[in-house]
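Because the structure is a prediction, the values reported are computed rather than measured. Every number for a ligand or one of its atoms is a count from 1 in the order of the listing. Every heavy atom of this structure was used, including side-chain atoms; hydrogens, water molecules and symmetry mates were not.
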Amino acid sequence: MSERSTMKIEQADRLKALPPYLFAEIDRLKAEVAAKGIDIISLGIGDPDLPTPSNIIQRLKEAADNPAHHQYPSYQGMLSFRRAVAGWYGKRFEVDLDPAAEVVSLIGSKEGIAHTPLAFINPGDVVLCPDPGYPVYSIGTMFAGGESHTMPLLEENSYLPDLSTIPGEVLNRTKLMFLNYPNNPTSAVATRKFFEDVVTFARAHNILVCHDAAYTEIYYDGVPPLSFLQVQGAKEVGIEFHSLSKTYNMTGWRIGWVCGNREAIKALGKIKTNIDSGIFQAVQEAGIQALEGDQRPVEELRDIYQARRDMACEFLSNMGFSFAVPKAAFYLWVHTPAGLSSAQFAGRVLQETGVVITPGNGFGDHGEGYFRISLTVGEKRLEEALGRIKNLSW
Ligand SMILES: Cc1ncc(COP(=O)(O)O)c(C=O)c1O
């Protein structure tokens with residue numbers, strides 16, 4: 001045996017402290033089902049199936065040819081990209097942003113979300129995290145040595161956290177609160193009143209609100225969701241993460257931004273200067289094209305999701321499933337049939353039909369008893385997948 005293969009470097013405690021990967025069993029079953037030659041349809045991942053609009057791709061091609069874009073970019077993003085973000089926020093939300101101080105580019109919003117606790121959290125500090133929720137909020141907190149406190153998102157509260165239930169002892173140690181509307185995985189949207197209450201609460205308890213707004217452009221029935229920054233006073237207490245990923249089918253491009261409170265943006269910027277060197281400038285040029293160019297592809301995309309949502313909701317309710325019809329985002333958050341846990345139901349559906357759905361408990365304890373379907377597959381395949389589930393009996 002070589003000396004090299006006997007070497008053992010112990011992993012850091014933060015890796016050992018990661019929660020068990022709840023989708024591991026689904027991955028294992030998926031491989032087993034695929035090995036039997038069964039046609040797998042995945043409704044599991046929130047990754048848009050449609051291509052990036054061609055005008056954006058064209059702009060990347062042209063920009064990639066320009067040697068000015070071949071060197072290190074700045075960590076905070078090209079000013080022209082940050083101006084495009086500010087212009088888009090002005091038009092879409094009537095929110096006024098200073099592109100030089102209130103916007104920083106991110107290598108996808110996930111990067112900024114994961115790094116934010118590093119800028120604010122010391123050991124023993126608390127971060128409020130929604131449950132069910134995007135796992136990066138609590139994992140970023142743990143990597144920074146912080147403690148996350150769960151805010152249950154319950155159906156009876158329209159999947160908005162009840163801030164009055166957070167104990168005073170916790171609030172005394174709380175520095176950050178993560179929120180996400182339109183929400184993954186529940187697809188819930190926030191009301192203006194809720195965002196106003198959050199501003200009051202954050203002021204009273206000196207908490208920085210970190211709102212993840214990745215899904216604001218995927219909405220139904222012509223009713224656009226709010227930005228947290230639209231509410232009076234929000235910029236004093238909060239920042240908002242946004243992304244080109246879902247709006248322009250650009251998940252693979254890795255470009256997003258954070259905007260809002262300038263002190264907070266500066267602090268996150270300090271972390272970023274020490275960790276990364278920004279986004280390839282040609283990608284930022286494409287991002288400018290996305291934000292400033294023709295928005296008809298986004299309208300067409302919404303029409304496509306609307307048709308999928310309408311079909312899937314009708315199908316599921318005819319099958320007797322219970323769920324709230326989403327107003328935004330591209331997920332359906334559905335109760336499992338009585339008596340079956342999230343994992344039992346997702347496991348059976350996969351083994352018996354080849355359809356991948358996400359067990360709700362993968363998003364936290366309060367996701368138990370639910371499953372998530374992503375509308376990021378074509379209507380025909382979606383219909384085929386739902387038809388297979390319909391033929392199951394439980
Ligand atoms: C709620 C939420 N926030 C952020 C992201 C990350 O998006 P990106 O890093 O591509 O901007 C996702 C991706 O699925 C998400 O669901």
Could I get the full list of ring-ring contact (aromatic ring centres under 6.0 Å, His included) partners for H70, not counting sequence neighbours? none
side-chain contact (heavy atoms from CB on, under 4.5 Å) between L386 and I373, intermediate numbers included: CA-CA 10 Å; L386 296 172; I373 280 182; 4.0 Å; yes
Got an N/O contact under 3.5 Å between [X] and ligand 1?
X    : result
D212 : yes
Y331 : no
S243 : yes

Please check: side-chain N/O of D212 versus main-chain N/O of L179, any donor-acceptor pairing under 3.5 Å?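 The answer is no, because no donor-acceptor pair under 3.5 Å joins these two groups.
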Side-chain donor or acceptor of R388 paired with backbone N/O of T353 under 3.5 Å: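 Yes; at least one donor-acceptor contact below 3.5 Å.
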Can you list the atoms of ligand 1 that are under 4.0 Å from a heavy atom of [X]?
X    : value
G108 : 9 (O), 11 (O)
N180 : 1 (C)
R254 : 8 (P), 9 (O), 10 (O)

Can you tell me if E111 has a non-hydrogen atom under 4.0 Å from ligand 1?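 E111 does not count as a contact of ligand 1 under the 4.0 Å cut-off.
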So, does T251 sit close enough to ligand 1 that a heavy atom of it is under 4.0 Å from the ligand? no
Would you kindly specify which portion of [X] sits under 4.0 Å from ligand 1, judged on non-hydrogen atoms: side chain, backbone, both or neither?
X    : answer
Y215 : side chain
K246 : side chain
S245 : side chain

Donor-acceptor pairs under 3.5 angstrom involving side-chain atoms of residues 26-37: please list them, not counting sequence neighbours.
from	atom 1	to	atom 2	distance (Å)
R28	NE	E25	OE1	3.1
R28	NH1	E32	OE1	2.9
R28	NH2	E25	OE2	2.9

Tell me whether the count of non-hydrogen atoms from other residues, nucleotides or ligands lying under 6.0 Å of CG in L392 goes above 12. yes
Could you tell me the residue and atom name of the protein heavy atom closest to atom 6 (C) of ligand 1, and the distance to it rounded to 0.1 Å? Y134 OH, 3.3 Å
Give the residue, atom name and distance (to 0.1 Å) of the protein heavy atom nearest atom 7 (O) of ligand 1.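 Of every protein heavy atom, S109 OG, 3.3 Å lies nearest to atom 7 (O) of ligand 1.
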Do Y305 and Y219 have a side chain donor and acceptor closer than 3.5 Å? no
Is it true that T141 and E147 share a donor-acceptor pair across their side chains at a distance under 3.5 Å? no
Could you check V199, D197, V95 and say which one makes a side-chain contact (heavy atoms from CB on, under 4.5 Å) with V231? V199
